[in-house]
> 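Structure below; questions to follow.
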Amino acid sequence: MDLYDKVIELSKRRGFLWNSFEIYGGAAGFYDYGPYGAMLKRCVENIWRDFFVVQEGFFEIESPTIGIEDIFVASGHVSGFSDPITECLKCGEVFRADHLINNIVSGADGLSSDELERLIKLHNTRCPECGGNLDKVYDFNLMFTTSIGSGAGRKAYLRPETAQGMFVDFPRLLRFYREKLPFGATQIGKAYRNEISPRQGVLRLREFTQAEAEIFIDPVDKTHPRFKEIAKKKLTLYPANVQEEGGEPITMQLDEAVSSGIIAHECIAYYINLTCEFLVACGIDSHRLRLRQHRSDEMAHYAADCWDAEVYLDRFGWVEVVGIADRTDYDLKAHMKLSQAQLTVFKEYKTAQKRDVVEIKPNMAYIGPTFKNKAREIINALQNISPGDIKNGTVAVNVNGETITLGSEAFTIERRVEEIRGENVVPHVIEPSFGIDRIIYAILEHSYFEEMVEDETRVVLKLPMKIAPVKAAVLPLLTRNELIEPANRIVSLLKKIGIQTVFDDSGTIGRRYRRNDEIGTPYAITIDYETLKDGTVTIRDRDTMKQVRVPIKGIDLKISNALTQVPPL
RNA sequence: GCACCGAUAGUCUAGUGGUAUGACAUGGGCCUUCCAAGCCCAUGACCCGGGUUCAAAUCCCGGUCGGUGCACCA
């Protein structure tokens, strides 16, 4: 049994992760979070909220998981998220059609399925495996399709990422943040991808949870006001050029990484650091965490820089859990083009610029009656005339091949000084995108410890207190009423102040400690016969197994302080 | 989607053409004292469908799920 098997086995047995729809045989790519799993996930999401929503001030929005077709046409998912696939008729092997003819035709990846099929026939391309004939080329799109309304309905897709919901709300968000950069929006929610072959448990799901921030920044100023606070932090970086040269990741200070151009700018560096702080706060081992830069061949063409936070997993090696990209203005421009909406922000100059303007204003009262139904065309043509085209007070315009000469009665020339206070710019977007399910698996694996205690293996999940699904277990030493009663009183005391507490009186005390170690419960409170004499109980620490004896009075405060680590226990 | 391998209680597992082994876990009870090890009792499984057969959990075929490799992973 490797570590993956052990973690999955524990997760199943203790109610963290279950395969979905098990009684009907299950479905690949879907997982249920069991009681402790759902609780842990909620805790992870809340820590994320604390980092991005509370601390950074990027409010959370919630948009539908179903999106209308236009959104994904604009985002490129309708065309770019599908792959042209062809199958060998003899051996059944499946190939990317564009890859097959890439070496014959350049730019094959941009061609349509029909075009690819034609080229495969033309060049008599055969199955690289067995030489058999190839089937028709068809598009396999990774988006789930659905429809809105009855009958044929309106075509729609389940969103493949939460990001588009925030891009689409840009005008509303801009107004919400009072028309000023920078600002950000976040979203935690489900996304859907119809993976061809989901594998590796919770690492590649068809329905998964993302936490994404879209941070809209000034395209020409990518500094970050708080960068200086984190400039001296050291992180494990794996820059693109180092990867290409086959080198090892390097530990580097962030200000050096920015000034040497390894990280494109302060803003990306700031969120790289924030990402690491978040992951470590969730229980990711910082020694099994690195930041790998996308190589130019894997980075989207529009991205200015892109880093993946990767965690080391026993079975799978380095696995991406977060992507942090400078997506530039790609998404907003794409939506602007298709929707015709103005997705820009007015950026005021420090000092207004003055400019001499010469404008030709048509005289409607003359042109209208004189030219009647040609008037509209003439006015349009006049818009494109520059003052230099005016010769002796007349100007010639071309309307449908006919040259019409207009005299000074047809227009006036206006000269004025225009003040330009600023300009409309399309913001750039920094996008940290978190795969919550992968993070949760990594947390479980990195928190999993086996220790030898008196020749027995003790399994303990050393989860940070903030994400432990159960914070305290209350255990009467023996299953006897005189001990159960005070135990119940402590349970309700703790529950009243919002501490997730369980009562457990089943089996020997040692077994119950082990049971709670396995789900990462930080504290176990034991009621024994001394409790009846002097009103004290013991509190046991999960990691050290050490116990302290404390009075019941004030235990709620004591536990709550310990959980928030105000003073040590 | 293809190929190979696998699927037995909550978990891990033994095994067979005649309904199944064990461990751990779980539930109830006992226990005046703390780290899965005490005592008594109890619950609990052959992935689904079809075929062969007197009889299939076992053999065959198909499917589902899982693992691995290929492909895919904006």
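Predicted model only: the values in this text are computed from it and were never measured. Every heavy atom of this structure was used, including side-chain atoms; hydrogens, water molecules and symmetry mates were not. The sequence lines fix the lettering, A, B, ..., with proteins before strands; numbering per chain opens at 1.
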> Using atom P of each nucleotide, how far apart are B:rG44 and B:rA9 to the nearest Å?
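That atom pair is separated by 14 Å.
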
> Rounded to whole angstrom units, what separation is found between the CG atom of A:L205 and the P atom of B:rG66?
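That distance rounds to 10 Å.
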
> Please state whether the phosphate of B:rC34, meaning OP1 or OP2, lies under 4.0 angstrom from any side-chain nitrogen or oxygen of A:R540.
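No.
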
> How far, in whole Å, is B:rA20 from B:rA57 if one measures between their C1' atoms?
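That atom pair is separated by 9 Å.
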
> Is there a side-chain contact between A:T508 and the phosphate of B:rA37, meaning an N or O under 4.0 Å from OP1 or OP2?
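So the side chain of A:T508 is within the cut-off, an N or O lying under 4.0 Å from OP1 or OP2 of B:rA37.
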
> Do A:W48 and A:F434 have ring centres separated by under 6.0 Å?
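For A:W48 and A:F434, the ring centres are under 6.0 Å apart.
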
> Using purine N1 to pyrimidine N3 plus N6-O4 or O6-N4 for Watson-Crick, or N1-O2 and O6-N3 for G-U wobble, both under 3.5 Å, which nucleotide pairs with B:rU16?
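Partner of B:rU16: none.
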
> Does the base of B:rC35 carry an N or O that pairs as donor and acceptor with the side chain of A:R512 under 3.5 Å?
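No pair found.
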
> Looking for any heavy atom pair under 4.0 Å, which part of the strands does A:Q200 touch: base, sugar-phosphate only, or nothing?
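Sugar-phosphate contact only - A:Q200 comes under 4.0 Å of backbone atoms but never of a base.
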
> Should B:rA3 form a Watson-Crick or G-U wobble pair with both distances under 3.5 Å, which nucleotide is its partner?
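Per the H-bond distance test, B:rU68.
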
> Would you measure the distance from the C1' atom in B:rU53 across to the matching atom in B:rU58 and give it in whole Å?
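Pairwise C1' distance, B:rU53 against B:rU58, rounds to 13 Å.
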
> Pairing check on B:rU32: which nucleotide meets the Watson-Crick or G-U wobble criteria with it, both distances under 3.5 Å?
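When the pairing criteria are applied, nothing turns out to pair with B:rU32, so the answer is none.
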
> Using atom C1' in both nucleotides, what's the gap between B:rG18 and B:rC4 to the nearest angstrom?
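Going atom to atom, C1' in each nucleotide, I get 33 Å.
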
> Considering the options A:E530, A:K553, A:R549, which one meets the side-chain hydrogen bond (donor to acceptor under 3.5 Å, both in side chains) requirement together with A:T536?
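When side-chain hydrogen bond (donor to acceptor under 3.5 Å, both in side chains) is applied between A:T536 and each of A:E530, A:K553, A:R549, only A:R549 qualifies.
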
> For B:rU21, which nucleotide in any strand shown is its Watson-Crick or wobble partner with both distances under 3.5 Å?
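Check on B:rU21: unpaired, no WC or wobble geometry under 3.5 Å.
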
> If anything within 90° of 0 is syn and all else is anti, what is B:rU19?
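Syn conformation for B:rU19.
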
> On RNA chain B, does the nearest nucleotide to A:E9 precede the nearest nucleotide to A:E161 from the 5' side, or the other way round? Give the residue.
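Nearer the 5' end of the strand: A:E9.
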
> State yes or no: are the ring centers of A:Y4 and A:F316 separated by less than 6.0 Å?
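Centroid distance A:Y4-A:F316: below 6.0 Å, so yes.
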
> Answer with base, sugar-phosphate or nothing: what part of the nucleic acid does A:G201 contact at a heavy-atom distance below 4.0 Å?
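A:G201: backbone/sugar contact only, no base atoms under 4.0 Å.
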
> When the distance from CD1 of A:I525 to P of B:rC34 is rounded to whole Å, what number comes out?
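Spelled out: CD1 on A:I525 to P on B:rC34 is 19 Å.
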
> Looking only at N and O atoms, is any donor in the side chain of A:Q547 or the base of B:rC34 less than 3.5 Å from an acceptor on the other one?
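Counting by modelled atom types and ignoring angles, a donor-acceptor contact under 3.5 Å is found here.
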
> When the distance from CG of A:N19 to C1' of B:rG67 is rounded to whole Å, what number comes out?
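That distance rounds to 12 Å.
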
> Report the distance from atom CD of A:E456 to atom P of B:rC34, rounded to the nearest whole Å.
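In whole Å, B:rC34 P lies 17 Å from A:E456 CD.
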
> Provide the distance between the two C1' atoms, one in B:rU13 and one in B:rA45, to the nearest whole Å.
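About 12 Å, rounded to a whole number of Å.
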
> What does A:S75 touch in the nucleic acid at a heavy-atom separation under 4.0 angstrom: a base, only the sugar-phosphate, or nothing?
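Answer is nothing: A:S75 stays at 4.0 Å or more from every strand.
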
> How is A:R315 classified with respect to the nucleic acid when contacts are heavy atoms under 4.0 Å: base, sugar-phosphate, or nothing?
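Sugar-phosphate: the residue A:R315, judged by heavy atoms under 4.0 Å, touches backbone atoms but no base.
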
> Using purine N1 to pyrimidine N3 plus N6-O4 or O6-N4 for Watson-Crick, or N1-O2 and O6-N3 for G-U wobble, each under 3.5 Å, what pairs with B:rG62?
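By the stated definition (distances under 3.5 Å), B:rC48 pairs with B:rG62.
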
> Once you round it to whole Å, what is the distance between P of B:rC24 and CZ of A:R458?
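Nearest whole value for this atom pair: 21 Å.
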
> Kindly state whether the ring of A:Y31 and the ring of A:F208 have centres lying under 6.0 angstrom apart.
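Ring centres of A:F208 and A:Y31 not closer than 6.0 Å.
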
> Using the salt bridge (charged side-chain N to carboxylate O under 4.0 Å, His left out) rule, pick out the option among A:R511, A:K462, A:R14 that qualifies with A:E518.
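Answer to the salt bridge (charged side-chain N to carboxylate O under 4.0 Å, His left out) test with A:E518 among A:R511, A:K462, A:R14: A:R14.
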
> Now, which nucleotide makes the Watson-Crick or G-U wobble pair with B:rU53, with each of the two distances under 3.5 Å?
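Matched B:rU53 with nothing under the 3.5 Å cut-off.
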
> Hey, does A:F316 reach any base, or is it just sugar-phosphate, or nothing, if we go heavy atoms under 4.0 Å?
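Sugar-phosphate, no base atom in range.
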
> Any idea which of B:rG27, B:rU32, B:rU68 is nearest the A:R480 side chain?
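Looking only at heavy atoms from C-beta outward on A:R480, the closest nucleotide is B:rU32.
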
> Tell me what A:A27 touches on the nucleic acid: a base, only sugar-phosphate, or nothing, going by heavy atoms under 4.0 Å.
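Here A:A27 touches the backbone only, sparing every base.
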
> Please pick, from B:rA36, B:rC12, B:rC34, the nucleotide with the shortest atom-to-atom distance to any side-chain atom of A:E518.
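From the listed options, B:rA36 comes nearest.
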
> Measure the OG1-CD1 distance between A:T538 and A:I509 for me, rounded to the nearest 0.5 Å.
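That separation rounds to 7.5 Å.
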
> Mind checking A:Y302 for me? I need base, sugar-phosphate or nothing, with any heavy atom below 4.0 Å counting as a touch.
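Nothing: the residue A:Y302, judged by heavy atoms under 4.0 Å, touches no strand.
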
> May I ask you to check whether A:Y312 and A:H446 place their ring centres under 6.0 Å from each other?
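Ring-ring flag for A:H446/A:Y312: false, centres at least 6.0 Å apart.
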
> Any N or O donor-acceptor pair linking the side chain of A:Y24 to the base of B:rC48 at under 3.5 Å?
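No pair found.
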
> Could you measure between the two C1' atoms, the one in B:rA25 and the one in B:rA36, and give it in whole Å?
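Per the computed distance, 10 Å lies between those C1' atoms.
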
> Closest to the A:L478 side chain: B:rU32, B:rC65, B:rA36?
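The answer is B:rU32.
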
> To the nearest angstrom, how far is A:F30 atom CZ from B:rU64 atom P?
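Those two atoms, CZ and P, are 14 Å apart.
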
> Rounding to an integer number of angstrom, what distance separates B:rA23 and B:rC65 when you compare their C1' atoms?
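Between the two C1' atoms, the distance is 26 Å.
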
> Is the shortest side-chain N to carboxylate O distance from A:E456 to A:R514 below 4.0 Å?
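Judged by the 4.0 Å cut-off on N to carboxylate O distance, A:E456 and A:R514 do not form a salt bridge.
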
> Mark yes or no for a side-chain to base donor-acceptor pair under 3.5 Å between A:R199 and B:rU68, with no hydrogen or angle criteria applied.
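Check passes, donor-acceptor contact within cut-off.
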
> Under 4.0 Å between a side-chain N or O of A:R511 and OP1 or OP2 of B:rA36?
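Looking at the OP1 and OP2 atoms of B:rA36, neither is under 4.0 Å from any side-chain N or O of A:R511.
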
> Write down the distance separating the C1' atoms in B:rG66 and B:rC47, rounded off to the nearest Å.
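Those two atoms are separated by 11 Å.
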
> Ignoring hydrogens and angles, answer whether the base of B:rC72 and the side-chain atoms of A:R204 contain a donor-acceptor pair closer than 3.5 Å.
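Yes, a donor-acceptor pair under 3.5 Å.
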
> Send over the distance from A:R13 CZ to B:rA23 C1', rounded to a whole Å.
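Whole-Å distance recorded here is 13 Å.
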
> Do A:Q164 and A:R159 pair up side chain to side chain, a donor and an acceptor below 3.5 Å, judged on atom types alone?
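The answer is no; no qualifying pair exists.
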
> Between A:K12 and A:K546, name the one whose nearest nucleotide on RNA chain B is closer to the 5' end.
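First, find each residue's nearest nucleotide; the 5'-ward one identifies A:K12.
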
> Rounding to a whole Å, what distance do you find between A:N481:CG and B:rU32:P?
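Distance check: A:N481 CG to B:rU32 P gives 14 Å.
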
